[in-house]
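Below, each value reflects all heavy atoms present in this structure, side chains not excepted, and no hydrogens, waters or symmetry copies. A quick note: this is a predicted structure, and the numbers were derived from the prediction, not measured.
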Amino acid sequence: MGVVQYGDNPATHFNLKTHTNSRDLKTAIEKITQRGGLSNVGRAISFVTKNFFSKANGNRSGAPNVVVVMVDGWPTDKVEEASRLARESGINIFFITIEGAAENEKQYVVEPNFANKAVCRTNGFYSLHVQSWFGLHKTLQPLVKRVCDTDRLACSKTCLNSADIGFVIDGSSSVGTGNFRTVLQFVTNLTKEFEISDTDTRIGAVQYTYEQRLEFGFDKYSSKPDILNAIKRVGYWSGGTSTGAAINFALEQLFKKSKPNKRKLMILITDGRSYDDVRIPAMAAHLKGVITYAIGVAWAAQEELEVIATHPARDHSFFVDEFDNLHQYVPRIIQNICTEFNSQPRN
């Protein structure tokens with residue numbers, strides 16, 4: 001643990017790796033002197049998000065990031081935007097308010113309902129309020145209990161570390177060997193953006209023609225280098241284009257084995273019109289909660305992509321005229337995956 005004190009501006013007293021035992025930590029806390037100034041909580045949260053949880057400052061991957069904010073009265077700046085960025089960075093904010101604004105002071109509060117705007121979730125788990133500083137010690141046990149309940153630390157999940165992503169890849173004759181390699185490079189570029197492990201994001205892949213083949217399931221590889229090597233090794237199949245059957249196959253062979261606490265994402269890449277019906281398999285995917293992205297190249301049918309894609313289609317279906325332009329869509333697909341994740345309700 002570390003300590004940041006804020007007033008007008010925040011400053012780190014010591015970071016996550018400065019003290020490694022509780023005796024040194026206690027001594028360091030006793031030496032802290034009060035800085036004075038305003039209560040710029042928003043600025044403090046921004047500072048913590050940008051600087052405090054870095055690898056250089058002792059942050060460990062796999063350990064949940066928790067911030068306990070203590071504020072006297074109310075913040076003198078806005079917390080909403082800074083807190084949103086903290087949540088999106090995987091930080092769980094707990095908020096302790098001491099001595100809230102009296103009735104005649106409420107006009108001075110910059111941002112009404114600031115605690116709910118700051119916390120990870122608005123369900124009461126992350127907010128504690130005490131009437132006076134003398135009562136602060138009473139929050140200790142409830143707070144420790146909550147921080148230690150890692151399964152309930154909802155903000156540890158981010159758009160990059162909490163999905164099961166199944167790639168469904170068209171290996172039909174019209175693609176050709178060279179273009180198939182380009183598709184695999186596109187799959188590689190997307191995969192590189194995620195945090196991969198058996199507890200973070202997991203990747204699976206299916207290739208299809210008239211038939212379907214499971215290249216690897218979600219539980220086959222649990223590190224990024226292994227996944228990237230597996231993608232490289234996928235061999236081009238060649239044949240027809242039965243996209244509907246491929247979606248059904250992916251639901252059965254990949255997503256049935258998805259973990260219940262993961263978001264299920266299907267990213268389908270095709271270069272032509274399907275020989276079979278895609279409507280019913282696509283509907284089955286949507287009903288099973290699989291968020292489907294449809295990427296079409298060259299001769300792919302726009303209206304078919306829109307049927308396959310999750311609603312709204314404009315955020316989930318993309319068309320490129322040639323394989324060499326696929327890479328341009330990587331940032332936009334990642335951005336859409338994250339925007340959708342971050343717009344989930346916070347209660």
Side-chain angles (χ1 to χ4, degrees), residues 1-6 10-29 32 41 44-70 79 82-96 118-121 123 125-128 139-165 191-203 218-219 221-227 259-263 337-338 341-342 344 346:
M1 60 164 282
V3 171
V4 170
Q5 185 182 168
Y6 68 94
T12 303
H13 282 286
F14 49 87
N15 67 29
L16 295 165
K17 63 177 187 184
T18 315
H19 302 295
T20 52
N21 63 63
S22 46
R23 195 185 66 238
D24 292 351
L25 199 64
K26 193 164 176 284
T27 309
I29 291 167
I32 294 173
V41 180
I45 292 170
S46 282
F47 172 83
V48 166
T49 304
K50 287 187 188 121
N51 308 296
F52 190 79
F53 288 107
S54 66
K55 217 171 183 175
N57 286 335
N59 196 18
R60 297 164 299 168
S61 64
N65 290 172
V66 173
V67 173
V68 178
V69 178
M70 288 189 276
V79 301
S83 303
R84 183 181 65 78
L85 291 170
R87 283 194 298 278
E88 290 175 10
S89 305
I91 297 169
N92 298 275
I93 295 181
F94 286 83
F95 215 81
I96 305 178
V119 288
C120 167
R121 292 286 182 273
N123 56 9
F125 185 76
Y126 294 88
S127 320
L128 294 149
T139 64
L140 191 62
Q141 285 316 311
L143 181 65
V144 169
K145 208 171 164 194
R146 293 176 198 189
V147 170
C148 290
D149 191 355
T150 51
D151 287 340
R152 285 193 69 183
L153 295 179
C155 286
S156 298
K157 291 187 171 71
T158 71
C159 57
L160 301 178
N161 72 7
S162 58
D164 278 342
I165 302 174
T191 301
K192 278 180 179 168
E193 298 290 326
F194 291 90
E195 291 168 37
I196 309 280
S197 81
D198 52 358
T199 55
D200 291 312
T201 289
R202 304 185 304 165
I203 306 283
F218 293 134
D219 48 7
Y221 304 107
S222 56
S223 77
K224 196 177 281 190
D226 287 351
I227 288 278
K259 289 185 180 174
N261 61 343
K262 299 282 183 195
R263 289 173 85 226
I337 288 170
C338 286
F341 180 88
N342 294 327
Q344 292 178 116
R346 283 181 52 232

Modelled atom types, side-chain donor and acceptor of N57 and N51, under 3.5 Å: no
Main-chain N/O of K157 paired with N161 side-chain donor or acceptor, under 3.5 Å: no
Check: I337 and F194 side chains under 4.5 Å, non-hydrogen atoms: yes
Flag side-chain contact, heavy atom, 4.5 Å: F14 against V3: yes
Test item: T158 side-chain N/O and L160 main-chain N/O as donor-acceptor pair under 3.5 Å: yes
Exercise: identify the closest heavy-atom pair between S197 and R202: O-CG, 3.6 Å
Spatial distance of atom CE (M1) from atom OG (S22) [nearest 0.5 Å]: 10.5 Å
N/O donor-acceptor pair under 3.5 Å between K192 side chain and K224 backbone: no
Distance-minimising heavy-atom pair for P142 and L128: CB-CD2, 4.4 Å
Distance-only side-chain donor-acceptor flag, N92 / S156, under 3.5 Å: yes
Expected output: side-chain K145 to main-chain L140 donor-acceptor under 3.5 Å: no
Donor-acceptor contact below 3.5 Å, side chain K26 vs main chain N21: no
Sub-4.5 Å side-chain heavy-atom contact between H13 and Q5: yes
Pairwise side-chain contact, F94 with V69, heavy-atom cut-off 4.5 Å (strictly under): no
Donor-acceptor pair between T18 and N15 side chains, under 3.5 angstrom: yes
Exam field: side chain S54 to backbone K50, donor-acceptor pair closer than 3.5 Å: no
Where R146 and S127 come nearest, the two heavy atoms and their spacing: NH1-O, 3.7 Å
Gap separating the OG atom of S83 from the CD1 atom of I45, nearest 0.5 angstrom: 3.5 Å
N342 side-chain N/O to C338 backbone N/O, donor-acceptor pair under 3.5 Å: yes
